Amino acid sequence: MPEGPSIVILHDVLLPFKGKKVISASGYAGIDFSRLEGQKIIDLKTWGKHTLICFKNFTVRIHLMMFGSYTINEGKKYNPKLSLHFVKDEVNFYLCQVAILDEPLSKLYDWAADVMGDKWSVPIAKRKLKDKAGEMICDVLLDQKIFSGVGNIIKNEVLFRTRIHPDSITNKLPPSRITEILEEVRKYAFEFLKWKRAGTLSKHWEAYEQKVCPRCDILLHKKKTGKGKRQSYFCNNCQILYK
DNA sequence: GTGAATGTTAACAG
DNA sequence: CCTGTTAACATTCA
């Protein structure tokens with residue numbers, strides 16, 4: 001479930017619960033469930049991979065991590081981490097991180113970093129990249145403070161589409177290429193969303209989990225790259241290495 | 001059975 | 001103190 005666009009879909013699914021009162025909450029999350037009981041959901045927001053269920057004086061933050069899932073009004077698959085019971089409905093979250101945030105969201109979140117959000121800003125991201133001069137672009141793209149919501153799929157697809165090698169050093173990229181990346185991140189993330197909604201996401205992968213370069217028709221490389229050692233799929237022929 | 005996977009953070013070692 | 005590695009969470013799929 002986890003990259004930003006999938007969380008936008010989760011947000012859509014939860015939206016009907018805005019204004020509804022939580023009758024009871026349970027699960028194995030280590031939070032004080034009694035705080036939610038009798039409280040009305042006043043808003044639902046997302047920031048990158050974070051799902052935010054807002055109550056009057058606090059927010060419940062859900063992060064699906066790698067294997068998280070959810071069900072709405074479906075029989076339990078297994079033990080939910082967080083189960084929200086409404087008058088008629090039940091929402092369950094599994095295998096996720098759950099936390100209660102007491103500080104106002106404006107103090108916790110930099111909305112300009114959310115690649116799916118209305119406040120996403122190319123110029124602000126560009127400024128942040130200046131502090132990452134010596135880092136590999138594959139690591140920088142996964143930095144949630146800059147590209148909140150970008151995961152390994154978006155990283156690989158954006159680098160393939162812009163023909164940039166994942167090992168490229170950020171400050172060796174000409175400014176015009178940096179701009180290309182920043183624009184492609186946003187563009188691909190919304191295509192991801194469209195395809196995910198249509199159930200055809202994986203059909204559109206050009207590099208991620210692919211064997212052959214669709215442009216060059218030669219074998220793609222699969223290698224763990226960067227400090228983060230996350231898997232990269234890339235074409236040595238058409239993706240340029242800047243270093 | 002094995003290993004890897006759309007993720008992140010805490011603990012530990014040097 | 002900084003940096004890098006490992007563990008931990010846990011399931012699903014090939």
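Here the structure is a predicted model, which is why all the values come from computation and not from measurement. Proteins get letters first, then strands, A, B, ... in listed order; numbering begins at 1 in each.
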Which value, in whole Å, describes the distance between the [atom1] atoms of nucleotides [N] and [M]?
N	M	atom1	value
B:dA5	C:dG4	C1'	23 Å
C:dA10	B:dG3	P	22 Å
B:dT9	C:dT12	C1'	23 Å

Selected nucleotide, minimal atom distance to [X] side chain, candidates [options]:
X	options	result
A:F67	B:dT6, C:dG4, B:dA5	B:dA5
A:R230	B:dA5, C:dA10, B:dT6	B:dT6
A:Q144	B:dG7, B:dT8, C:dT5	B:dT8

*Counterpart base for C:dA10, defined by Watson-Crick or G-U wobble contacts under 3.5 Å*: none
*Watson-Crick or G-U wobble partner of B:dT6, both distances under 3.5 Å*: none
*CA sep, side-chain torsions, deciding dist, call: A:K128, A:D143, salt bridge (Lys or Arg N to Asp or Glu O under 4.0 Å)*: CA-CA 10 Å; A:K128 290 175 186 164; A:D143 186 330; over 6 Å; no
Any side-chain N or O of [X] below 4.0 angstrom from OP1/OP2 of [N]?
X	N	result
A:Y28	C:dC9	no
A:H63	B:dT8	yes
A:Y208	B:dT6	yes
A:K227	C:dT3	no

*For A:F192, is the NZ or CZ atom of A:K196 found under 6.0 angstrom from the centre of its six-membered ring and inside 45 degrees of the ring axis?*
no
Using a heavy-atom cut-off of under 4.0 Å over every strand shown, decide if [X] touches base, sugar-phosphate, or nothing.
X	value
A:Q97	nothing
A:Q231	sugar-phosphate
A:K229	sugar-phosphate

Whole Å only: how far is the [atom1] atom of [X] from the [atom2] atom of [N]?
X	N	atom1	atom2	result
A:E209	B:dT6	CD	P	7 Å
A:N156	B:dT6	CG	C1'	11 Å
A:K222	B:dT6	NZ	P	9 Å
A:M116	B:dT6	CE	C1'	14 Å
A:K196	B:dT6	NZ	P	13 Å
A:N79	C:dT11	CG	P	9 Å
A:K49	C:dC9	NZ	P	21 Å
A:L95	B:dT8	CG	P	16 Å

*Determine, for A:D131 against A:K145, whether the closest basic-nitrogen to carboxylate-oxygen distance falls under 4.0 angstrom.*
no
*Locate the shortest heavy-atom distance separating A:Q231 from A:N152; write the atom from each residue and the value.*
O-ND2, 3.1 Å
*Just one of A:V98, A:L95, A:N92 clears the side-chain contact (heavy atoms from CB on, under 4.5 Å) bar with A:K81, so which one?*
A:V98
*Which of parallel (below 30°), tilted (30 to 60°) and perpendicular (above 60°) describes A:Y233 and A:Y208?*
perpendicular
